[in-house]
Peer 1: 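First, the structure itself, so that you have it in front of you.
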Amino acid sequence: MRVAGALSGLMANRTKFQAIKGTRDLLPPDTELWNRVEQTAREVFGTFGFGEIRSPIFEPTELFARSIGADTDVVGKEMYSFDDRDETSISLRPEATASVCRAYIEHGMHAWPQPLKLYYLGPMFRRERPQKGRYRQFYQIGAEVLETVQPGQGGTKDIPKDAAVDAEVIEMVMTFFARLGLEGAQLQINSIGHAAENCRRGYVQKLKAALEKVKDNLGPDSQRRIATNPLRVLDSKLESEQAIIAGLPKISEHLCEDCAMQYAEVKRQLAMRGVKYAENWRLVRGLDYYMRTTFEITAKGLGSQNAVCGGGRYDGLVELLGGLPTKGIGFAIGEDRLILSLQEAGKGGAAAGRDVFVAWMGEKAQAAAIAATQRLRTAGFRVELPPVEQKFGKALGHADKLSARYALILGEDEVATGLWTVKTLVDGSQAKMSEAEFLEKLRNEVKK
Ligand code: ATP
Ligand code: MG
C-alpha cells in the first residue's frame, strides 16, 4: 500500500529526490581514495594471514539484540529494524562482529585451522544524529580472530598466547594506518577485566556506589547510565563531569590476577612489536560483549568524532550465540573517518585524469583512433576517445578539462605515414613518433 501511495504521489508532482538524511553518495575522485584504502587493507591484512568474509547486510534483529546487548544505544535506539513479510523482525547490520560469529557457528569454522582470521569491509547502519564523521550509513573495515577452546586448554596457561594474539591484531591496524600515511594516529589501550565478582562485576558495584554519591552533579545521560550501563559514564565527554570522573575508582585497581597478568603481557607484547601506546583507564567499549583488552585509535583533523578504530576481546560471544566456547578479538575501523583524516592531511590524491586524449580528425582517422585506443587501453593506460570528430582547438580544450597528460593527434597525415603526433599538454611541446615509441614513453612516464 505504501509503495503504491508513493508511486501515485510521484506521478502527481515532479519530486526532486535527495539521498536520505545521514546517507551520502561517494563520488569520483574521492572514490579513488576509498579504493586505495580498501586495496591497502586487503594487502596488509593478507600479509597477516587474514581472509575476507562477506556477510549479509541484514540479519535477524535477535542476533544483534543478544550479542550487542538490549541496553545499548546501538540496539535500543539506533537500529533500522523492520518486519519482513513473514513478520520476523530483521535489522540492517549496525556492526559486523555478530555476523562473523554467526557465520563461524553456521559453517562449523571451529573445525578450520585455528585461530581463524577473518576481515570484512562494507556498510553499517545506525540511526544517529548526522554530523561530520557520523552518518547513518557508514563504512567499516574490520577483522576478527576466533579460536575455539579445545578440551584441556584455556584458563591461566593460555594468557601469554591470547596476549600475543591481541598485540598482533593491534600491530596489524597500526601497520595498515602507517602504510596509508595516516599521520598522528594514537593508540590507547585498557583492560576492562572479565565478568566475575573478583573482577569487573565487583568493580562495577564500587563504581555504582561512587556514582550514586555524586549523582546530583552529573548530567541526565550519566544519571541514567548509573542504572543501565555505569561503565559508559567513564567515557562521557561532558565538560562539567570531567573532574568528577577523575575521582572515580579505577578498574586497573580491581582486575583479578589473570586479567592483570593478561594486561601486563599485552603491553609487553606491544613493546616487542614496536607499537607505541598510551593507557587510558576510562576507555570502555560501547558494546556489552567486550572483555579484557580494549583499544581505540584516534586520528587528526576530525574534531570531536576523532575515533577511527575501536576494538577489543570478546571471549564468550560465540558461545552466547549458541556455539562452542570460543575466544575472540577484533576491531572495526571507521572508514569514513579514516578517509576524512587522510583528506585533511592532503593525502586525498588528485582527480583521475586521463593518460591520453585521442584527438582524431577525418573519417579515415576514426578507425585508426579506435584501434590505437584499444591497444593503449589493453596496455593499461587511461584513454579518452571522443565519440564524434572535434575541431583541433575544441579537442585540446576538452583534453585539458579532463587533465589529460598527452593528446594523441591523429589526422590523415598520421594515418598515412604511421607516425603519430604526440602533444604533451603541460608544456605544449609536440613530437612525431611511432606507436611503439609512444608506448615506451608512456611506460616510462606514467605511473600506473
Ligand atoms: P563513537 O563513540 O564515535 O560513536 P562507537 O563506539 O559507536 O564510536 P564502534 O561501534 O566501536 O564505535 O565502531 C568502530 C568505529 O566505527 C568507530 O571508531 C568509528 O570510527 C566508526 N563509527 C561508528 N559509528 C559511526 C557513524 N555513525 N558514522 C561514521 N563512523 C562511525
Ligand atoms: Mg557510537
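Just so you know, ligand 1 is whichever comes first in the structure, and atom 1 is the first atom listed for that ligand. Because the structure is a prediction, the values reported are computed rather than measured.
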Peer 1: Give the atom numbers and elements of ligand 1 that come within less than 4.0 Å of a heavy atom of Val308.
Peer 2: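 It comes down to these atoms of ligand 1: 18 (O), 20 (O).
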Peer 1: Please report whether ligand 1 has a polar contact with Glu128, defined as an N or O pair separated by less than 3.5 Å (distance criterion only).
Peer 2: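 By distance alone, the answer is yes.
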Peer 1: Please find out if less than 6.0 Å separates the ring center of Phe357 from that of Tyr406.
Peer 2: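 So the answer is no for these two rings.
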Peer 1: State plainly whether the residues Arg54 and Glu52 are in salt-bridge range, i.e. N to O under 4.0 Å.
Peer 2: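 So Arg54 pairs with Glu52 through a salt bridge.
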Peer 1: Taking atom CD as the centre, does Glu38 end up with more than 12 heavy-atom neighbours from other residues, nucleotides or ligands that are less than 6.0 angstrom away?
Peer 2: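 Counting other residues, nucleotides and ligands, CD of Glu38 exceeds 12 neighbours.
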Peer 1: At the 4.0 Å heavy-atom cut-off, does Gln305 count as touching ligand 1?
Peer 2: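 For ligand 1, residue contact (heavy atoms, under 4.0 Å) with Gln305 is absent.
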Peer 1: Is the closest N or O pair between Ala332 and ligand 1 shorter than 3.5 Å?
Peer 2: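 Between Ala332 and ligand 1 (N or O atoms, distance only) the closest approach is not under 3.5 Å.
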Peer 1: Taking the minimum heavy-atom distance to atom 21 (C) of ligand 1, which of Gly312, Gly142, Pro130, Gly334 ranks first?
Peer 2: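 The option holding the nearest heavy atom is Gly334.
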Peer 1: Identify which one of Arg405, Arg382, Arg377 satisfies the salt bridge (charged side-chain N to carboxylate O under 4.0 Å, His left out) criterion when paired with Asp355.
Peer 2: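 Among the candidates, only Arg382 passes.
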Peer 1: Determine all donor-acceptor pairs shorter than 3.5 Å in which one atom belongs to a side chain in residues 219-227; sequence neighbours excluded.
Peer 2:
from   : atom 1 : to     : atom 2 : distance (Å)
Asp221 : OD1    : Arg224 : NH2    : 2.6
Ser222 : OG     : Glu241 : OE1    : 3.0
Ser222 : OG     : Glu241 : OE2    : 3.0
Gln223 : NE2    : Lys215 : O      : 2.9
Gln223 : NE2    : Leu218 : O      : 3.1
Arg225 : NH2    : Asp73  : OD2    : 3.3

Peer 1: Nearest non-hydrogen contact with atom 25 (C) of ligand 1 belongs to which option: Phe125, Tyr139, Phe138, Tyr290?
Peer 2: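 Shortest heavy-atom distance from atom 25 (C) of ligand 1: Phe138.
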Peer 1: Assess the side chains of Glu144 and Tyr314: does a donor N or O sit below 3.5 Å from an acceptor N or O?
Peer 2: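 On atom types as modelled, these side chains qualify, holding a pair under 3.5 Å.
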Peer 1: Should one rank Glu95, Met124, Arg126, Lys237 by closest heavy-atom distance to atom 5 (P) of ligand 1, which comes out on top?
Peer 2: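 Looking at heavy atoms only, Arg126 sits closest to atom 5 (P) of ligand 1.
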Peer 1: Is Gln140 in contact with ligand 1, taking contact as a heavy-atom separation below 4.0 Å?
Peer 2: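 In this structure, Gln140 qualifies as a contact of ligand 1 - some heavy atom is under 4.0 Å.
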